[in-house]
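The sequence lines fix the lettering, A, B, ..., with proteins before strands; numbering per chain opens at 1.
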There are 2 protein chains.
Amino acid sequence: MPDTTGLDIETMRAAAGEATGLLRLLAHEDRMLLLCQLSQAELCVGELEERLGIHQPSLSQQLGVLRREGLVETRREGKHIYYRIGDPRALQVLETLYGLFCKQNGDTR
Amino acid sequence: MPDTTGLDIETMRAAAGEATGLLRLLAHEDRMLLLCQLSQAELCVGELEERLGIHQPSLSQQLGVLRREGLVETRREGKHIYYRIGDPRALQVLETLYGLFCKQNGDTR
DNA sequence: CAGACAATATATATTTTTATATAATATTTT
DNA sequence: AAAATATTATATAAAAATATATATTGTCTG
């Protein structure tokens, strides 16, 4: 574990604020699933809807949250809008969580 | 990035539920700061209060949340109650966040 | 080009959850 | 019993989540 005790409280609070800001965005089941999908491939809304079984307006709303906060980026292709991860920090947290909650039980995928 | 696309949606949802459950607990500035302190040392409430400048009842309330959810464990010594981290998963997420939000700017501590 | 259709986004209202502050109470040691 | 420390209860405020309805944008057909 890294030693954070030397940091003054103001600095720590600032970092904690940033960190919790990111965590709040990730701490939502649908958004988490969206990001997991997007960590594997760029996908359009319809594909996400099909894979996750989330109703379109909910989907679009959560994608909107992620977009406004910079966690995902988009690209339009005809009537489809493709989403991809746009924040490497989110990706790294996702990776840690994968190790903790998905990889257990000898699944060495 | 690990490949999660092969997991069926039910399994993914279950894992996402667990993961977001943990994240919700971490996505709170005071709780985050508490856990950061406790990642370095076992501390009693008074010490936490002094280090973080959080009012005692707020502190106790958030410690209560963390305790009920198993993220921290306690030990009594006289009139003091010492807290320590009780969930290795929390520790690992904290470590990732430290790398992303605290270690930047050439701080090689 | 108008009109229809398909994909995605936004707005709004409602409910639920979470946070915050204060006050009151409990526990343990001396 | 008193002092120090910690916990719980309660009320209020603020923030998120959810569902439903509606709007926008682009494409294709006749």
Would you mind telling me which residue lines up with the more 5' stretch of DNA chain C, B/Q61 or A/S58, judged by nearest nucleotide?
-> A/S58
Length of the line joining B/I81:CD1 and D/dT8:C1', which is rounded to integer Å | 13 Å
B/Q62 CD to C/dT18 P, in whole Å, measures 12 Å
Distance below 4.0 Å between A/H28 side-chain N/O and D/dA16 OP1 or OP2 | no
When all nucleic acid strands are considered with a 4.0 Å heavy-atom cut-off, which category describes A/G64: base, sugar-phosphate, or nothing?
-> nothing
Considering only heavy atoms from C-beta outward, does the side chain of B/E69 approach that of B/L25 to under 4.5 Å?
-> yes
Could you give me the CA-CA distance, side-chain angles and deciding distance for A/Y83 and A/R67, then say whether side chain to side chain donor-acceptor pair (under 3.5 Å) is met?
-> CA-CA 9 Å; A/Y83 280 80; A/R67 190 167 7 97; 3.3 Å; yes
Whole-Å gap separating P (C/dA19) and CG (B/L26) | 12 Å
How about A/L100 and B/V93: do any of their side-chain heavy atoms sit closer than 4.5 Å?
-> yes
How many Å lie between NE2 on B/H80 and C1' on D/dA6, as a whole number?
-> 11 Å
Phosphate contact (D/dT7 OP1 or OP2) by B/R67 side-chain N/O below 4.0 Å = yes
Has the side chain of A/E49 got a donor or acceptor that lies under 3.5 Å from a partner of the other kind on the base of C/dA7?
-> no
Residue matched to C/dT30 through Watson-Crick or wobble contacts both under 3.5 angstrom | D/dA1
Qualifying residue, where the test is side chain to side chain contact (heavy atoms under 4.5 Å, CB included) with A/L71 and the options are A/I85, A/L63, A/L66 | A/L66
Gap between atoms CZ and P, on A/R68 and C/dT8 respectively (whole Å) = 17 Å
If you group Ile, Leu, Val, Met, Phe, Trp and Tyr by side-chain heavy-atom gaps below 4.5 Å, do A/L52 and A/Y82 land in one group?
-> no
Would you check if A/R75 and A/I81 make a side-chain contact, meaning some heavy-atom pair closer than 4.5 Å?
-> no
Step by step, would you call A/L22 with A/R89 a side-chain contact (heavy atoms from CB on, under 4.5 Å)?
-> CA-CA 9 Å; A/L22 174 59; A/R89 297 171 310 170; 4.3 Å; yes
Gap between atoms CG and P, on A/L59 and C/dT10 respectively (whole Å) | 13 Å
Determine whether A/T20 and B/L26 make a side-chain contact, defined as any pair of heavy atoms from C-beta on separated by less than 4.5 Å.
-> no
Any A/R31 side-chain N or O less than 4.0 Å from OP1/OP2 of D/dA17 = yes
Within less than 4.0 Å of OP1 or OP2 of D/dA6, is there a side-chain N or O belonging to B/S60?
-> no
Euclidean distance, atom OH of residue B/Y82 to atom P of D/dT7 [Å, nearest integer] = 14 Å
Ignoring backbone atoms, establish whether B/Y83 has a side-chain N or O less than 4.0 Å from OP1 or OP2 of D/dT7.
-> yes
Touch check for A/H55, heavy atoms < 4.0 angstrom, all strands: base, sugar-phosphate only, or nothing?
-> nothing
In whole Å, what is the span from the CD atom of A/E47 to the P atom of C/dA7?
-> 11 Å
Sugar-phosphate atoms are those with a prime plus P, OP1 and OP2; base atoms are the rest. Using that split, label each nucleotide of nucleotides 21-30 of chain D B, S or - for protein heavy atoms under 4.0 Å, 5' to 3'.
-> B---SSS---
